[in-house]
2 protein chains.
Amino acid sequence: MGASLKDVAQRAGVSVKTVSNVVNNYPHVTPAMRERVQQAIDELGYRPNLIARHLRKGRTGIIALAVPELGNPYFAELAGAVIDAAARHDYTVLLDHTGGRRENEILVSQGFRAHVIDGLILSPIELEAEDLLGRSEDAPLVLLGEREYEAPYDQIAIDNVAAARSAVRHLTGLGHRRIAFLGARRESARRPAHLRLRGWREELTAAGLPCDDSLVAATDGYGRVDGAAAMNAVLDRGERPDAVFAYNDLVALGAMRVLTERRLRVPQDVSVVGFDDIEEGRFSPVALTTVSPDKQAIARLAVQRVVARLAGTPGLEPEHIQPGYTLTVRESTARRT
Amino acid sequence: MGASLKDVAQRAGVSVKTVSNVVNNYPHVTPAMRERVQQAIDELGYRPNLIARHLRKGRTGIIALAVPELGNPYFAELAGAVIDAAARHDYTVLLDHTGGRRENEILVSQGFRAHVIDGLILSPIELEAEDLLGRSEDAPLVLLGEREYEAPYDQIAIDNVAAARSAVRHLTGLGHRRIAFLGARRESARRPAHLRLRGWREELTAAGLPCDDSLVAATDGYGRVDGAAAMNAVLDRGERPDAVFAYNDLVALGAMRVLTERRLRVPQDVSVVGFDDIEEGRFSPVALTTVSPDKQAIARLAVQRVVARLAGTPGLEPEHIQPGYTLTVRESTARRT
DNA sequence: CTGAAAGCGCTTACAG
DNA sequence: CTGAAAGCGCTTACAG
């Protein structure tokens, strides 16, 4: 084991308190004293034990980030941004993934890891507002993502309805009229997250177009396979949409793959819009048009919020904060021919 | 704050030790006593403070995983596997990313986070063997990835040379003779990691083919942009390879994108093989042939190794362990026409 | 089978 | 400006 404060104090011939003062850079330590202590520290290779420090202070310097699936590049990219944002506040990130399953999300929100984390950033999929009711955990919780909760917690999410509408508007603006939506939750899933679906519906209605349910396909998850299955489902119904708006980029990518297989050209025959702006979409053979949430801002705000609550900033009401987004137009959308 | 052991003891009218016994499920506690204590625990909503427990035991139950870049799906997928493997041993994973920069890798290996993590799994890019020499940290370190070190640490990596050779052999077997290698490190980078490049060289030589340096392109990193740049570089030199072996899938994907832009068809004009088997490769419009390392095994072995050292398993010599891999043939490779 | 006490490595009032 | 002491919440010999 390494040396402790006591060892250093002994070697330097001072009290533990003095060493602590030096280590923590407190003012009012004579340079000579500082020098002497520093030398003992160097000789012993002393490094403070954060665990002990934090036991004392009641803080660990660790915040947890729980996302559904790291295999989804959106969450991987977001996690990277959160790690960087946390580092700027001297916080370390402990990463969990829930698989988007309600039980795991409850477990995490209820303070699994109690005491080892100071705060929690959670991106839920199936979690219900009622699951949050009994939350006894005192670590600040910040919610991310498409779900909206009637609960007294900070929530950071772009305006999903407006963002979805901007995507659909782009499509209608290009002359498309039969616009499929891929990635609705199955009826079986409780309280489906349909902000984006609602955006689709609202914008079509605003454009005076019908909302044809046979153009809506539910999926089990939000991966490439799900997008492929959904696209096949719509096509197998005999529908021939002239555009597709997908729940996210992964679903869009899966759909594009199917379109190509079935000899439909993107964008000449079918325009495709995704959501998330993952790097992969930029490099797909037909670069994907997509809604681009400001991930850096999301990460920054989430961390800031946790840190502010931890610092006990007074008068901090739970807020729903909406970072910005843009519609990034690439090659997968074109004017209707 | 929540209740402590002492609070529970007080309420149950027993000693702290007895509560501890119940919490830790020690035998030799009368059912009646256990019942009584459990009730106090429930009433108070007591949850053990892991930090305190671990300060005492000198363990935190946290292992760190440091990868170059979470944005690379390979590492995101690997991280997911490590988290799951660790959970099976009741360990939690703290995730770091180094950006593949030597300074960060040194920092991490030298025990940044000292005392908060029990062990460390590191996937280095630029780290040198000498950087490991002075390592004073006593948390077990397991090394992952393509680099090989002359250092007394466990290293888990597939046989990169053999795996690369199998990829190139697949290509030569299809009749290809001018096989480019994309993703060598630049000369400026110290001690380039060229196991895969070596595999390329060895296999070409074995097949009686020349190793044409103008078919080798260095990259700055290992992302899609780098693959695109490398492919352009080779093509701009006036070379027309009939196949491409890329350092990894991301580089391969970037290269495919460029090939398509430059009106070269994959696989009819150019066959492409990647490395990593990320999910994205399965869903690219031309599904990618790739070397598929057993990520689950890598994660499992790495965690097992850390846990075994932590448990103080005697006689555990540092080992280089080579998990399995397979060559997964998809659509991006075809017989030379 | 249960209890009283020491100690893990720190920080923090409180003195001086 | 520095020191002696208590305590964060646990576990662990040591008694009984």
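Throughout, protein chains are lettered first and strands after them, A, B, ... in sequence-line order, and every chain is numbered starting at 1. All figures in this text were calculated on a predicted structure; none of them were measured in a lab.
- Pairs engaging residues 5-14 of chain A under the side chain to side chain donor-acceptor pair (under 3.5 Å) rule: A:Ser4-A:Asp7, A:Arg11-A:Glu43 [sequence neighbours left out].
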Report all side-chain donor-acceptor pairs from residues 29-36 of chain A shorter than 3.5 Å, counting only partners two or more places apart or in another chain.
from, atom 1, to, atom 2, distance (Å)
A:Thr30, OG1, A:Met33, N, 3.4
A:Arg34, NH2, A:Tyr26, O, 3.1
A:Arg36, NH1, A:Ala12, O, 2.6

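- Taking the salt bridge (Lys or Arg N to Asp or Glu O under 4.0 Å) definition, one finds that B:Glu319 meets it with B:Arg305, sequence neighbours left out.
- OP1 or OP2 of C:dG3 has at least one side-chain nitrogen or oxygen of B:Thr18 nearer than 4.0 Å.
- Side-chain contact of B:Asp84 with A:His97: a donor-acceptor pair under 3.5 Å is present, judged by distance alone.
- Looking at residues two or more places apart in sequence or on another chain, you find a salt bridge (Lys or Arg N to Asp or Glu O under 4.0 Å) between A:Asp131 and A:Arg102.
- For DNA chain C, the stems formed by at least three consecutive Watson-Crick or G-U pairs, with both atom-pair distances below 3.5 Å, span C:1-3 with D:14-16, C:5-12 with D:5-12, C:14-16 with D:1-3.
- With sequence neighbours excluded, the residues satisfying side chain to side chain donor-acceptor pair (under 3.5 Å) with B:His320 are B:Gln155.
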Counting primed atoms, P, OP1 and OP2 as sugar-phosphate and everything else as base, the B/S/- map of nucleotides 10-16 of chain C against protein heavy atoms under 4.0 Å is BBBB---

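- A sub-4.0 Å separation between OP1 or OP2 of D:dC1 and a side-chain N or O of A:Thr30 is absent.
- Distance B:Arg36 CZ to C:dC1 C1': 13 Å, rounded to the nearest Å.
- Pairs of residues two or more places apart, or lying in two chains, that qualify as salt bridge (charged side-chain N to carboxylate O under 4.0 Å, His left out) and include a residue from residues 66-81 of chain B are B:Glu77-B:Lys295.
- A search for salt bridge (Lys or Arg N to Asp or Glu O under 4.0 Å) contacts involving A:Arg309 returns A:Asp154, not counting sequence neighbours.
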